[in-house]
**Q** 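Let me give you the structure first, and then I'll get to my questions.
Heavy atoms only: backbone and side chains are in, while hydrogens, waters and symmetry mates are out.
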Protein chains: 2
Amino acid sequence: MPQENSAAKVLLHLKQDILTGFFSAGHKLKMSALKERYQVGVNPLREALSQLVVMQLVQVQDQRGYRVCPVTQAELIDIYDTRAQIESLCVELAIERGDEAWEAGIVAAAYRLHSNAGLLHADADLQAWEQLHQQFHYAIVMGCGSKELLRVRLDLYEKASRYRNLWLRYNAGHDAFDVNQREHEQLVMAVLARDTETAKQLISRHILVPSQVLRGLL
Amino acid sequence: MPQENSAAKVLLHLKQDILTGFFSAGHKLKMSALKERYQVGVNPLREALSQLVVMQLVQVQDQRGYRVCPVTQAELIDIYDTRAQIESLCVELAIERGDEAWEAGIVAAAYRLHSNAGLLHADADLQAWEQLHQQFHYAIVMGCGSKELLRVRLDLYEKASRYRNLWLRYNAGHDAFDVNQREHEQLVMAVLARDTETAKQLISRHILVPSQVLRGLL
DNA sequence: AAGGTTTAAAATATCGACATTAATGTCAAA
DNA sequence: TTTGACATTAATGTCGATATTTTAAACCTT
């Protein structure tokens, strides 16, 4: 059994706690509290925190410890705009480079997402739906075939998660999701038809709409 | 005087040592050797190494320590292709959004780069030229106005540095630089004329040419 | 009472040491 | 000679302790 070092375990847990909002933006991350919560010493904690600093989820002030990066409206807009640009780029390249297996993957992921639309109405499984949603969009962009580009995309996705989690709570039970479903269908059609321009416009809007909702919340 | 913690100092130094090739690809990074070289204990070292793992410059094998990420031709191609895409995107947005101050900055940076072309023939100052080169391209892309996009671009630039340093040594004294100079002039003209398509093609080629030279070296 | 200074408390950053795990070398048996 | 098991060596990962720095609280001065 590959028992990974405790810094890695703490990293995953702490990252989740930040992305889900358990530790809210600007919150001071005291060593004593973190030691208590994750049951590890200071050194693994500092390793995990150092990594989160690189991911820009945590700030470090010298000799003054760590705190969760604050969220701002300017950053929200920037992240979502950039995500829209990067995702568009991925879609463009995927349409250019994708093969038949890629097409099949998209159809399969779209089917799974559509089948489980019911998850949206029960708050408990919102995260499960989000995972299917994520897998659907990944099925499309993976066709670009570039590990680096997909990594950039994932970084931005995770950075946006803190904001998105707000949006998910806000929209639970709202009908914004119906619009969402239609957008997915249109996107699949445009992508499979290799209609680059339409697909790029659709994916861009798909990402930017929640951002506009969120602006009102900050 | 803001005496930053030693992990941060080690990070900068170690990063340079990896990017410049002092620690070559695949090299095992033993704690004892690093302690000796940077004059610090294991904990600051582990912090710095953790951060480099996130930056994908260092790999960690559990209970088997750290080693410099290997370089492969596949990664080289992917990084440079992605850089070309991202830089094109930055240029496109910059042309769309840039103002007069942005234009002035480009002209100034181009002038400085052109004036110091002599640095190319003396090996000692190759890094100085590279810095001017970097500032020139930054002057162009900064017009896009997106911190996130510029950060992505910087990440890729740094990841490419290991490969680029090979290229710089290989090309020292060669006439590939003359071509380089002409490319810069053309790029400035296209950008200032707000000719998006030409500018994108030029910047893409500008990035991809060294990559093709490097393929032969790996 | 307001403001600045000193003192006490808490938190952080680093080191040294220890337990655990992997790598290396040795030796016997096939 | 090669192979496999065992012992030795080396390196990693973690914790507790310490020195330094920041934060706060109390105190004195005006």
**Q** Let me know the distance between CG of A:L49 and P of C:dA11, rounded to the nearest Å.
**A**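 Atom-to-atom, A:L49 to C:dA11, this comes out as 16 Å.
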**Q** One character per nucleotide, please: for nucleotides 6-12 of chain D, 5' to 3', B when the base has a protein heavy atom closer than 4.0 Å, S when only the sugar-phosphate does, - otherwise.
**A** -----SS
**Q** I'd like to know if B:K147 and A:E75 make a salt bridge, using a cut-off of under 4.0 Å between side-chain N and carboxylate O.
**A**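 Salt bridge: no.
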**Q** Going by side-chain hydrogen bond (donor to acceptor under 3.5 Å, both in side chains), name the residues that satisfy it together with A:H206, two or more places apart in sequence or in a different chain.
**A**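 For A:H206 the side-chain hydrogen bond (donor to acceptor under 3.5 Å, both in side chains) partners, ignoring immediate neighbours, are A:H133, A:H137, A:E183, A:H184.
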**Q** Specify the residue among A:V42 and A:S6 whose closest nucleotide of DNA chain D lies further upstream toward the 5′ end.
**A**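 Result: A:S6.
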**Q** Could you tell me how far apart A:L45 (CG) and C:dT14 (C1') are, to the nearest whole angstrom?
**A**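 Rounding to the nearest Å, CG of A:L45 and C1' of C:dT14 are 16 Å apart.
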**Q** Taking only residues two or more places apart in sequence or in another chain, which ones pass side-chain contact (heavy atoms from CB on, under 4.5 Å) with A:R64?
**A**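 For A:R64, the residues satisfying side-chain contact (heavy atoms from CB on, under 4.5 Å) (neighbours in sequence not counted) are A:Q61.
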**Q** For A:Q39, give me all partners under side-chain contact (heavy atoms from CB on, under 4.5 Å), at least two apart in sequence or on another chain.
**A**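 A:Q39: no side-chain contact (heavy atoms from CB on, under 4.5 Å) contacts found.
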**Q** Can you name the side-chain contact (heavy atoms from CB on, under 4.5 Å) partners of B:S146, sequence neighbours left out?
**A**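 Result, side-chain contact (heavy atoms from CB on, under 4.5 Å) vs B:S146: A:D78, A:T82, B:C144, B:E148, B:L149.
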**Q** Find the distance B:E47:CD to C:dA13:P and express it as a whole number of Å.
**A**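 So the CD-P distance, B:E47 to C:dA13, works out to 8 Å.
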**Q** Output all residues satisfying side-chain contact (heavy atoms from CB on, under 4.5 Å) with A:A117, sequence neighbours left out; order by chain, then residue number.
**A**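 side-chain contact (heavy atoms from CB on, under 4.5 Å) check on A:A117 returns A:Q181.
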**Q** To the nearest Å, give me how far apart NZ (A:K35) and C1' (C:dA13) are.
**A**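 In whole Å, C:dA13 C1' lies 13 Å from A:K35 NZ.
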